[in-house]
Amino acid sequence: MSDSQERVRQAQYLLSQGAPARAAQLMGDVLTDEPDNIEAAYALAVAQRHQHAWTDALDTLTGVLRRKPNFGRAHQEVGYNHIAMQNFPRAGAAFERAVNNDPSLVNSWKCLAKLYQDSGNAKRFATVSDQLVFLESLPAELLTVISYLSDDRLGDAERACKHFLRENKTHAEGMRLLAEIATRNKTYDEAEFLLESCVEFHPAHKNARIQYVNILMRVQKFAKAFDEAQRLLDDHPEDTEHIRALYASASAGIGRNSQAVDSYELLMREHPDNHIFPVSLAHVLKADGEFDRAVEHYRKAYRIKPDHGDAYWSLANTKSYEFTGDELSRMESLAADPDTDESDRIQVCFALGDAYERRGDHEPSFRYYSQGNALKQPHTYHSAKHLQLRIDSQIEVCTRELFESKPGVGCPAPDPIFIVGLPRAGSTLLEQILSSHSQVDGTMELHNILNLAKRLRGRDEPGGKPRYPAILAELEDGFFHRFGEQFIDDTRAYRGDSAFFIDKMPNNFFHIGLIRLILPNAKVIDARRHPMACCFSGYKQLFGEGQEFSYGLEEIGNYYRQYVKLMDHWDEALPRFVLRVQHEDVVDDLEGQVRRILEFCSLPFEQACIDYHQTERSIRTPSSEQVRQPIFRTSLEQWRNYEPWLGPLKDALGPEIRERYGVA
């Protein structure tokens, strides 16, 4: 224990002994030496509150939350101070933030219950009371796990949860929490197994079943998720708000968009004050190309909840919506208000960046893009060192010699066409072109290859070499055929009746060697775009999940450089297995590139591929509206409007990439 940690512990002891002045003095000394010590500042705020110095305490907590916005206990302290100052609305808002960031804070739930009871908010009082009863029923060990999870201490949470489960092997809440930890660690197969087991042990446990459907949705097992959601709805017809929403989402997942629309419209009629449902409905409408109706519902969402960031960002993400002056003013106020929930601020900042870009005001546009990325980046887990290890491991293991030693070991099915690359590189356009062909089904960004890679990786030994891709050189040949067949079987749920289908998961570029081994007759297309255009387009995009390298100019520039390095390796190790399609070439010569792509895929030419924008299908990516229009050049040079601020990106790309693409 460090000296400062020991002094914080002493201050906590002094507070418990009723000596807040001495605790405050001790924490002041620590902060003189370590002004960024968050725990010391938090302890000082507690001491200030105990001395009735509520304004001072709130000032201290403002500094704490500026450095750590998701600090649940600090939000709870804000609530205590506002209670003391008789400002009950602000107290309630603070306690809500506290439990949103740390659901284990029983005292915050108790305060909320009292506030809602006193204010006559019966519906919210009932919800909070139910949560309080649930938390008070949990073993103390699991409350600790919840607290660790809230503080993003996943290692501590996992150790504590597994220790509890050693003595309580089938405890429903313990299994659910361990599944949540696995989900956050992105070991989705482990989370799925835990929840499947939990549901088998506790078939009547509604929350376990709901969590199971959610993980099935996460791993894109939409058909199974839909069946489970349908059974849940049959068993709990009274829970229209949560389970019907899950059913609606699963319906959209398997392409039953009309059922999803009907369900969301029913939910909106039954719960007119819910701001989530209009956005969810709008997403489905947008995917179906009904942009006017989608916009109407996005706007309805922010009318219900004026600070609902997702509504503003979703409007911006249509890539054509023009915000009004009143909307811009409201968004700027939300972006500047420290009381705006951080996730909402992030979304609003990205929306403002887009709004000012459309108006040609590039300085405020970049300022808001930069602010949004700066707020988002601390919540990401991208590591340049880990990326380097992944790239180098693929290059070291997946050599031409490896592939020559395993000819034809996989499943011979020629069905899949993989489109890989970086986000915002034109992959959705290529998918729309190809899926306009009568013999090709468009699907979505499938997770099957990524999940297989995770299974092969397992749990790496700390400090050791990754098990994957090294394991590819060790597996018996029969495994590759089995993996390929499993991929074909597992993806049938997303296909129609066409002979070929597209998997446009961009991150599959890491796993082209694995794809070649399990599906040697598959086709792989590398969607490539000019580095400055591609990287800046990614930087200004707020992704639903993943792509965590995109929230910093240096990070995304380094990622592009490593991606090109690995693609160069695949060209050398697997000649002619990958077709590179430069986005700028598609814009300049659409028919020539379409014929080139179709020839590579052994498909006859069809005019529909040229007229791709007339093809009707559900599209779920940010480019969904753009690819329903004839091809245009306006986006090719947009990054140049921001060139004065893109020096860190150019530096991160490195001299070789800059020379290759003529970046000055």
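Residue numbers count from 1 along this sequence.
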Are a donor atom and an acceptor atom from the side chains of E606 and S438 found within less than 3.5 Å of each other?
yes

Has W570 got a side-chain atom pairing as donor or acceptor with F510's backbone, closer than 3.5 angstrom?
no

Nearest 0.5 angstrom please: L434 CG to C609 SG, how far?
6.5 Å

For A413 versus N521, what's the shortest heavy-atom pair and its separation?
O-CB, 4.1 Å

Would you check if the side chain of K540 reaches a backbone N or O of S537 as a donor-acceptor pair within less than 3.5 Å?
no

Backbone N or O of P604 within a donor-acceptor pair of the H437 side chain at under 3.5 Å?
yes

Any donor-acceptor pair under 3.5 Å from T443 side chain to I502 backbone:
yes

Return the minimal non-hydrogen interatomic distance between Y559 and L387, and the atom names on each side.
CD1-CD2, 3.6 Å

If you apply the rule salt bridge (charged side-chain N to carboxylate O under 4.0 Å, His left out), what do you find for K162 with E158, and how did you get there?
CA-CA 6 Å; K162 285 183 174 178; E158 184 174 19; 3.1 Å; yes

Using a 4.5 Å cut-off on heavy atoms from C-beta on, say whether the side chain of V581 contacts that of R596.
yes

Taking the six-membered ring for Trp, is the centroid-to-centroid distance between Y369 and F366 below 6.0 Å?
no

Considering non-hydrogen atoms only, spot the tightest contact between H481 and P412 and give its length.
NE2-CD, 3.9 Å

Side-chain donor-acceptor contact under 3.5 Å, E342 with H379
yes

In terms of side-chain heavy atoms, does R528 have a donor or acceptor partner in Y563 at a distance below 3.5 Å?
yes

Parallel under 30°, tilted from 30 to 60°, perpendicular over 60°: which one fits the rings of F483 and F479?
tilted

Apply side-chain contact (heavy atoms from CB on, under 4.5 Å) to V219 and E192, showing your working.
CA-CA 9 Å; V219 299; E192 182 185 350; 4.0 Å; yes

pair F500-K523: side-chain heavy atoms closer than 4.5 Å
no

Do S251 and R256 have side-chain atoms, one donor and one acceptor, less than 3.5 Å apart?
no

Determine, step by step, whether I417 and F501 satisfy the side-chain contact (heavy atoms from CB on, under 4.5 Å) criterion, reporting the C-alpha distance in whole Å, the side-chain angles of both residues, the deciding distance to 0.1 Å, and the verdict.
CA-CA 6 Å; I417 302 171; F501 71 100; over 6 Å; no

Could you walk me through whether R660 and E656 satisfy the salt bridge (charged side-chain N to carboxylate O under 4.0 Å, His left out) test, starting with their C-alpha distance in whole Å, then the side-chain angles of each, then the deciding distance to 0.1 Å, before giving a yes or no?
CA-CA 6 Å; R660 185 185 298 195; E656 184 179 337; 3.6 Å; yes

Taking C-beta and beyond as the side chain, do V564 and P531 meet within less than 4.5 Å on heavy atoms?
no

Would you say the side chain of D571 lies within less than 4.5 Å of the side chain of R580, judging by non-hydrogen atoms?
yes

How long is the straight-line distance from CD1 of I556 back to OG of S550, given to the nearest 0.5 Å?
5.5 Å

Taking the six-membered ring of Y148 as reference, does the cationic atom of R153 (NZ for Lys, CZ for Arg) lie under 6.0 Å from its centre and within 45° of its axis?
no

Side-chain touch L154/N185, heavy atoms, less than 4.5 angstrom:
yes

Exam field: side chain K650 to backbone A664, donor-acceptor pair closer than 3.5 Å:
yes

Please determine, by modelled atom types, if Y212 and K224 share a side-chain donor-acceptor pair under 3.5 angstrom.
yes

Hey, is CD on E659 packed in by over 12 heavy atoms from elsewhere, all under 6.0 Å?
no

If we check side-chain contact (heavy atoms from CB on, under 4.5 Å) with D503, which of these qualifies: D415, L446, I419?
L446

Answer yes if the side chains of E555 and Q377 hold a donor-acceptor pair under 3.5 Å, and no otherwise.
yes

Check: Q432 side chain, H613 main-chain N or O, donor-acceptor pair, under 3.5 Å:
no

Pairing of R218 and E545 as salt bridge, 4.0 angstrom limit
yes

Checking S405 side chain against L402 main chain: does a donor-acceptor pair fall under 3.5 Å?
yes

Run F350 and Q371 through side-chain contact (heavy atoms from CB on, under 4.5 Å) and show every step you take.
CA-CA 8 Å; F350 276 92; Q371 182 181 347; over 6 Å; no

Just how far is it from atom CG of L574 to atom CZ of F403, taken to the nearest 0.5 Å?
4.5 Å

Decide if the gap between the ring center of F418 and the ring center of F487 is smaller than 6.0 angstrom.
yes

State, yes or no, whether a side-chain contact exists between D526 and Q582 at a heavy-atom distance under 4.5 Å.
no

Could you walk me through whether D156 and R159 pass the salt bridge (charged side-chain N to carboxylate O under 4.0 Å, His left out) test, one step at a time?
CA-CA 5 Å; D156 291 334; R159 282 188 290 273; 2.6 Å; yes

Check whether any side-chain heavy atom of F549 sits under 4.5 Å from a side-chain heavy atom of N558, and report yes or no.
no

C535 and L553, any side-chain heavy atoms less than 4.5 Å apart:
no

Cationic N near anionic O, under 4.0 Å, E643 to R640:
yes

Show the nearest heavy-atom pair for residues Y381 and E548, with the distance to one decimal.
N-OE1, 2.7 Å

Are the side chain of R495 and the backbone of S498 linked by a donor-acceptor contact shorter than 3.5 Å?
yes

To the closest 0.5 Å, what do you measure between CD1 (I525) and CD (E431)?
11.0 Å

Starting at CD1 of I210, measure out to CZ of R176 and round the result to the nearest 0.5 Å.
8.5 Å

Hey, is CZ on F605 packed in by over 12 heavy atoms from elsewhere, all under 6.0 Å?
yes

Could you check L456, L450, N448 and say which one makes a side-chain contact (heavy atoms from CB on, under 4.5 Å) with L452?
L456

Mind running ring pair (Phe, Tyr, Trp, His ring centres under 6.0 Å) on Y468 and H511 for me, showing each step along the way?
CA-CA 10 Å; Y468 171 82; H511 310 295; 5.6 Å; yes

Quiz question: by atom type and distance under 3.5 Å, do the side chains of Q593 and D588 form a donor-acceptor pair?
no

Minimum heavy-atom distance between A191 and T183, given as atom pair plus value:
CB-OG1, 3.4 Å

Locate the shortest heavy-atom distance separating M175 from L194; write the atom from each residue and the value.
CE-O, 3.7 Å

Calculate, to the nearest 0.5 Å, the distance between atoms CG and CD belonging to L195 and Q211 respectively.
4.5 Å

If only atom types and distance count, is the side chain of R184 paired as donor or acceptor with the main-chain N or O of L149 below 3.5 Å?
yes

For the backbone of G496 and the side chain of R492, can you confirm whether one donor and one acceptor N or O come within less than 3.5 Å of each other?
no

Test side-chain contact (heavy atoms from CB on, under 4.5 Å) applied to D651 and E554, step by step
CA-CA 8 Å; D651 291 342; E554 293 180 9; over 6 Å; no

Within a 6.0 Å radius of atom CD on E476, are there more than 12 heavy atoms belonging to other residues, nucleotides or ligands?
no

